[in-house]
A.B. asks: 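Below: one structure in C-alpha cells.
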Amino acid sequence: MVRRLIVPLIAVIALALSGCATDPLNERAIAEIQAMSARDAKVSDMTGDPSCGDPRAHLLTDKGFPTVFRTICRVHYKQGTIDRYKDMWCIGDFSKEPMLDHCYVWVPYNKQ
C-alpha cells in the first residue's frame, strides 16, 4: 500500500519543484491575455479560445523588467468557410492591475 503512494507523491513533488504547480497570478494573467487578444483581434467569427504563450515563460528579466512579460496569442476565426488566424502580441506587467490594456496584431510579412 505504501509503495503505491510513493510514486504519485514523488510526481507531485517533482511537478511543484519544476514550476508546474498552479499559480493563481499566472492563471489570471492568461485569462486577461486571452480576453484582450480576442477583443483586439477584431474578428467577428472567432472559433474557440485564443491559444497564448505562458507569460511566466516570457518575462523580460534579461532586459531589467522582472515583472513584465511579452507573449503571443493566436486567435482563430472563420472568414466565410476558410479557417484563419491572427497572431497578437500582448505585453503586460504582473505588478499592475489590470495586467495589460491592449494587444496588437503581429504582422511579420505581408502577402499580396
Side-chain angles (χ1 to χ4, degrees):
M1 176 76 167
V2 173
R3 286 185 180 181
R4 280 192 256 170
L5 294 175
I6 290 177
V7 173
L9 181 60
I10 291 172
V12 168
I13 292 170
L15 286 173
L17 292 175
S18 71
C20 293
T22 303
D23 178 354
L25 187 61
N26 199 50
E27 288 179 8
R28 194 180 91 211
I30 291 170
E32 286 186 33
I33 293 165
Q34 286 179 322
M36 198 67 61
S37 64
R39 182 198 78 183
D40 292 346
K42 297 180 179 151
V43 296
S44 59
D45 199 4
M46 198 169 81
T47 57
D49 290 331
S51 52
C52 302
D54 182 351
R56 285 274 188 224
H58 301 285
L59 291 171
L60 299 180
T61 53
D62 59 330
K63 302 205 184 335
F65 302 103
T67 60
V68 176
F69 59 84
R70 177 181 60 203
T71 191
I72 196 162
C73 293
R74 182 160 282 180
V75 178
H76 299 271
Y77 65 100
K78 286 260 189 210
Q79 187 175 35
T81 59
I82 301 170
D83 291 330
R84 301 268 189 201
Y85 63 87
K86 283 187 180 181
D87 287 333
M88 307 293 295
W89 273 117
C90 300
I91 301 171
D93 190 332
F94 281 110
S95 67
K96 293 188 177 176
E97 182 62 41
M99 291 184 201
L100 66 157
D101 61 9
H102 71 282
C103 296
Y104 60 93
V105 178
W106 179 45
V107 185
Y109 57 89
N110 186 8
K111 283 188 169 182
Q112 297 273 332

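As a basis for the values below, the full set of heavy atoms in this structure was taken, side chains included, without hydrogen atoms, waters or symmetry mates.
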A.B. asks: Starting at CG of D93, measure out to CZ of R70 and round the result to the nearest 0.5 Å.
C.D. replies: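 Those atoms lie 14.0 Å apart.
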
A.B. asks: Can you give me the closest heavy-atom contact between H76 and Y85, atom names plus distance?
C.D. replies: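 Result for this residue pair: ND1-CB, 4.0 Å.
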
A.B. asks: Using modelled atom types only, decide if a donor and an acceptor are shared between the side chain of D40 and the backbone of C103 within a distance under 3.5 Å.
C.D. replies: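 Between the backbone of C103 and the side chain of D40 there is a qualifying donor-acceptor contact (under 3.5 Å).
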
A.B. asks: Does atom NZ (K78) have a neighbourhood of more than 12 heavy atoms from anything else shown, all under 6.0 Å?
C.D. replies: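 Atom NZ in K78 is crowded, with more than 12 foreign heavy atoms closer than 6.0 Å.
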
A.B. asks: What distance separates Y77 OH from D83 CG, expressed to the nearest 0.5 Å?
C.D. replies: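 Reported to 0.5 Å precision, the distance equals 10.5 Å.
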
A.B. asks: Closest heavy-atom contact between P50 and M46?
C.D. replies: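 Reported closest heavy-atom pair: CD-CE, 4.2 Å.
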
A.B. asks: In the single-linkage hydrophobic clustering (I, L, V, M, F, W, Y; side-chain heavy atoms under 4.5 Å), do M36 and L25 co-cluster?
C.D. replies: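 Yes, M36 and L25 fall within the same hydrophobic cluster.
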
A.B. asks: Of the non-hydrogen atoms in I91 and L100, which two are nearest, and what is the gap between them?
C.D. replies: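 Closest heavy-atom pair between I91 and L100: O-CB, 3.4 Å.
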
A.B. asks: When you measure from the side chain of E32 to the backbone of M99, do you find a donor-acceptor pair of N or O atoms at a distance under 3.5 Å?
C.D. replies: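 Side chain of E32 to backbone of M99: a pair is present.
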
A.B. asks: Nearest 0.5 Å, what's the OH-CE distance between Y104 and M88?
C.D. replies: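 Nearest 0.5 Å value for the OH-CE distance: 10.0 Å.
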
A.B. asks: With rounding to the nearest 0.5 Å, note down the distance linking CD in Q34 to CG in D49.
C.D. replies: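 The CD atom of Q34 sits 5.0 Å away from the CG atom of D49.
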
A.B. asks: Run the side-chain contact (heavy atoms from CB on, under 4.5 Å) test on C52 and S37 for me, step by step, so that the C-alpha distance in whole Å, both residues' side-chain angles and the decisive distance to 0.1 Å come before the verdict.
C.D. replies: CA-CA 9 Å; C52 302; S37 64; 4.2 Å; yes

A.B. asks: Write down the atom of F94, the atom of P55, and the distance for their closest heavy-atom approach.
C.D. replies: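 That would be CZ-CB, 3.8 Å.
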
A.B. asks: Compare every heavy atom of K42 with every heavy atom of K86, then report the nearest pair and how far apart it is.
C.D. replies: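 Between these two residues, the closest heavy atoms are NZ-O, 4.4 Å.
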
A.B. asks: How long is the span from the OG1 atom in T71 to the CZ atom in R56, to the nearest 0.5 Å?
C.D. replies: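 Those atoms lie 13.0 Å apart.
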
A.B. asks: Could you measure the distance from the CZ atom of R84 to the OG1 atom of T47? Nearest 0.5 Å is fine.
C.D. replies: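 It comes to 12.5 Å.
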
A.B. asks: Honestly curious: do I72 and I30 fall in one hydrophobic cluster under the side-chain, below-4.5 Å linking rule?
C.D. replies: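 Looking at the clustering, I30 is in a separate group from I72.
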
A.B. asks: Quick one: closest heavy-atom pair of T67 and S95, and the distance?
C.D. replies: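 Smallest interatomic distance, heavy atoms only, reads OG1-OG, 3.6 Å.
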
A.B. asks: In the structure I gave you, are the side-chain heavy atoms of L59 and P66 within less than 4.5 Å of one another anywhere?
C.D. replies: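 A side-chain contact under 4.5 Å is absent here.
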
